[in-house]
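Note sheet for the following structure.
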Amino acid sequence: MVRMEIARAGRRLTAREAGLVACRRCARVWPMGRDRCGRCGGKLSSRDTKSLQKVWAWWIAGIVAYIPANIYPMLVTNTLVSSSESTIIGGAVEIAKYGSYGVAAIILIASVLIPVGKFLAIAFLALSSVRGSSVSPGRRTHLYEIVEFIGRWSMIDVFVVAILSSLVQLSVVASIRPGPAALTFALSVIFTMLSAQAFDPRLIWDAERRAPNGKTP
């Protein structure tokens with residue numbers, strides 16, 4: 001009966017309307033009412049009713065951690081005659097002064113542009129899934145996939161600090177150690193990744209179907 005009404009309305013039948021549910025881990029489709037995926041063992045649920053609450057909770061935690069990550073020093077260098085502290089942006093500027101523009105650009109992109117872009121993208125996806133958007137659901141889904149993909153490349157600063165700290169330890173002559181920003185930046189990246197993973201991309205298409213005549217508001 002439901003399929004006939006959908007066909008008369010001229011729109012496509014969704015898996016949910018057909019009594020099916022897809023696994024978010026392996027994308028295998030199973031009949032509605034099954035608890036676990038028979039392929040990967042993942043938990044099956046048609047929708048996570050608390051998805052947006054989790055998204056905003058992790059998102060806010062990421063913002064809170066990202067602020068001190070840019071205020072406090074990321075790297076502390078001690079030598080016999082001096083001691084210096086470098087923030088993320090300050091360190092990139094210092095590297096650029098020595099002519100390593102490519103390295104400075106990579107640090108700025110990975111530590112500033114990508115995290116800020118992820119915060120904006122996640123907020124846009126969460127808001128548009130409730131209020132709708134003029135951007136097509138397909139493009140918003142691609143945006144979500146991009147956010148998921150680049151999340152693994154957001155820890156470059158932390159990796160650089162860890163490598164330098166392990167290599168440059170010359171006893172009393174010189175030493176490099178991570179600053180307090182290293183921990184808060186790592187936490188910010190982790191919280192942002194959890195926020196993206198908590199978002200259910202199926203909510204994007206639900207918002208479209210709630211709009212009149214199948215058009216996104």
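Count residues from 1 along the sequence. What you see below is based on every heavy atom in this structure, not just the backbone, and it leaves out hydrogens, waters and symmetry mates.
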message: Return the CD1 to OG1 distance between Ile122 and Thr192, rounded to the nearest 0.5 Å.
response: 6.0 Å
message: For a quick test of reading the model, state the closest non-hydrogen atom pair linking Pro115 to Tyr66 and the distance between them.
response: CB-CE1, 3.7 Å
Pairwise side-chain contact, Gln197 with Lys54, heavy-atom cut-off 4.5 Å (strictly under): no
statement: Distance col, row Arg139:CZ vs Ser134:OG, nearest 0.5 angstrom, shows 10.0 Å
Atom of Pro31, atom of Val21 and distance for their closest heavy-atom approach: O-CG1, 3.9 Å
- prompt: Is it true that atom OH of Tyr72 has more than 12 heavy atoms of other residues, nucleotides or ligands lying nearer than 6.0 Å?
  reply: no
message: When you compare the side chain of Leu108 with that of Leu113, does any pair of heavy atoms fall below 4.5 Å?
response: no
field: Side-chain touch Trp56/Leu127, heavy atoms, less than 4.5 angstrom
entry: yes
- request: Flag yes if Tyr101 and Ile89 sit in one hydrophobic cluster, no otherwise; membership is Ile, Leu, Val, Met, Phe, Trp, Tyr, and two members link when side-chain heavy atoms are under 4.5 Å apart.
  value: no
- prompt: With sequence neighbours excluded, what pairs up with Trp58 under the ring-ring contact (aromatic ring centres under 6.0 Å, His included) test?
  reply: Phe191
task: Search all heavy atoms of Cys40 against all heavy atoms of Cys37 and return the closest pair with its distance.
output: N-SG, 3.5 Å
query: Side-chain contact, heavy-atom cut-off 4.5 Å: Phe124 with Arg140?
result: yes
task: First locate atom CD of Glu145, then atom OG1 of Thr141, and finally report the distance between them rounded to the nearest 0.5 Å.
output: 6.5 Å
query: What's the shortest heavy-atom distance between Cys26 and Cys23, and which atoms?
result: N-SG, 3.7 Å
query: Is the backbone of Val55 close enough, under 3.5 Å, to the side chain of Ser195 for a donor and an acceptor to pair up by distance?
result: yes
query: Is there a side-chain contact between Ile71 and Thr87 (heavy atoms, below 4.5 Å)?
result: no
Tell me which donor-acceptor pairs under 3.5 Å the side chains of residues 181-190 have, and how far apart each pair is, sequence neighbours excluded?
{"from": "Thr184", "atom 1": "OG1", "to": "Ala69", "atom 2": "N", "distance (Å)": "3.4"}
{"from": "Thr184", "atom 1": "OG1", "to": "Ala181", "atom 2": "O", "distance (Å)": "3.1"}
{"from": "Ser188", "atom 1": "OG", "to": "Gly62", "atom 2": "O", "distance (Å)": "3.1"}

message: Between Ser129 and Leu52, does the side-chain contact (heavy atoms from CB on, under 4.5 Å) criterion hold? Intermediate values first, please.
response: CA-CA 9 Å; Ser129 66; Leu52 291 180; 3.7 Å; yes
message: Any non-hydrogen side-chain atom of Leu203 less than 4.5 Å from a side-chain atom of Ser51?
response: yes
